[in-house]
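Note sheet for the following structure.
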Amino acid sequence: MGCAGSSRAKGDEPIKKITKPKPWKHSEPITGEQLKRMRDEFWDTAPHYGGRKEIWDALQAAAEADLTLAQAIIDSAGVIVQKADLTVCYDERGAKYELPKYVLSAPTNLIRDS
């Protein structure tokens, strides 16, 4: 146990406030449609790998919302945020939820429609 003035040097304590993911680059340039397909496939299959469906639904809603609304969704669902960008979270029962960056933000090399 730590005191109120203890620092979190180890970085293993849950983070309360969520942030936007850092910019990232896909291995090859992809279109918006390809990104949408990747996201749809992830959200369709994620609950089959464990965890509770209602937590996956909350994480999807948070991933698709602005930061203020995402924070409210995460807080109301009881999600424990391990990494501020939502890539690693837990539920109250200790189940781990890992989100790939492509469901949280677009890559820097996204091919924009003209």
Side-chain angles (χ1 to χ4, degrees):
M1 284 207 210
C3 298
S6 297
S7 67
R8 293 192 310 200
K10 292 183 182 177
D12 59 353
E13 293 182 26
I15 298 166
K16 297 285 184 206
K17 187 161 173 57
I18 60 174
T19 60
K20 291 173 79 171
K22 291 180 180 165
W24 62 280
K25 190 174 184 177
H26 194 272
S27 57
E28 59 186 58
I30 59 172
T31 65
E33 184 58 36
Q34 288 171 306
L35 180 62
K36 182 182 179 326
R37 276 197 304 267
M38 289 168 60
R39 288 175 173 173
D40 289 345
E41 183 178 325
F42 174 80
W43 292 120
D44 287 345
T45 59
H48 301 291
Y49 294 103
R52 298 180 2 230
K53 181 167 182 355
E54 57 271 18
I55 299 296
W56 284 114
D57 291 345
L59 289 170
Q60 180 177 6
E64 295 171 354
D66 65 56
L67 281 179
T68 304
L69 180 56
Q71 186 73 57
I73 292 167
I74 292 301
D75 291 344
S76 66
V79 174
I80 300 161
V81 178
Q82 185 67 39
K83 296 205 175 198
D85 63 2
L86 293 182
T87 53
V88 179
C89 302
Y90 294 87
D91 65 20
E92 295 147 338
R93 297 178 183 168
K96 187 176 186 179
Y97 300 80
E98 294 185 80
L99 303 183
K101 288 185 181 179
Y102 64 80
V103 302
L104 299 166
S105 66
T108 56
N109 59 343
L110 183 71
I111 300 169
R112 307 276 179 202
D113 295 329
S114 301

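T87 is linked by a side-chain contact (heavy atoms from CB on, under 4.5 Å) to K83, D85, K101, L104, counting only residues two or more places apart in sequence or in another chain.
W24 and A106 get closest at one heavy-atom pair: NE1-O, 3.6 Å. Across every non-hydrogen atom of A63 and W43, the tightest pair is CB-CZ2, 3.9 Å. Pairing each heavy atom of T108 with each of P23, the nearest pair is CG2-CB, 3.8 Å. Among all heavy-atom pairs drawn from K17 and Q71, the shortest one is CA-OE1, 3.3 Å. Of all the heavy atoms in A58 and A77, the pair that sits closest is CB-CB, 3.7 Å.
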Q: Go through Q34 and H26 one step at a time and tell me if the side-chain contact (heavy atoms from CB on, under 4.5 Å) criterion holds.
A: CA-CA 11 Å; Q34 288 171 306; H26 194 272; over 6 Å; no

Q.
Using side-chain contact (heavy atoms from CB on, under 4.5 Å), reason through I111 and I30 one step at a time and then give a plain yes or no.
A. CA-CA 6 Å; I111 300 169; I30 59 172; 6.0 Å; no

(Q) I'd like to know whether E41 forms a side-chain contact (heavy atoms from CB on, under 4.5 Å) with R39, so could you lay out the CA-CA distance, the side-chain angles of the two residues, the decisive distance to 0.1 Å, and finally the verdict. (A) CA-CA 5 Å; E41 183 178 325; R39 288 175 173 173; over 6 Å; no

(Q) Would T19 and L67 count as a side-chain contact (heavy atoms from CB on, under 4.5 Å) here? Give the steps. (A) CA-CA 7 Å; T19 60; L67 281 179; 5.6 Å; no

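Atom-to-atom distance recorded for E98:CD and L59:CG is 12.0 Å, nearest 0.5 angstrom. Note that the NZ atom of K53 and the NE2 atom of H48 stand 8.5 Å from one another [nearest 0.5 Å].
The one candidate from I73, I74, I18 that meets the side chain to side chain contact (heavy atoms under 4.5 Å, CB included) condition with V79 is I74.
The list of ring pair (Phe, Tyr, Trp, His ring centres under 6.0 Å) pairs with a residue in residues 57-100, not counting sequence neighbours, reads W56-Y97.
A distance-only check finds no donor-acceptor pair linking the side chain of N109 to the backbone of K25 [under 3.5 Å].
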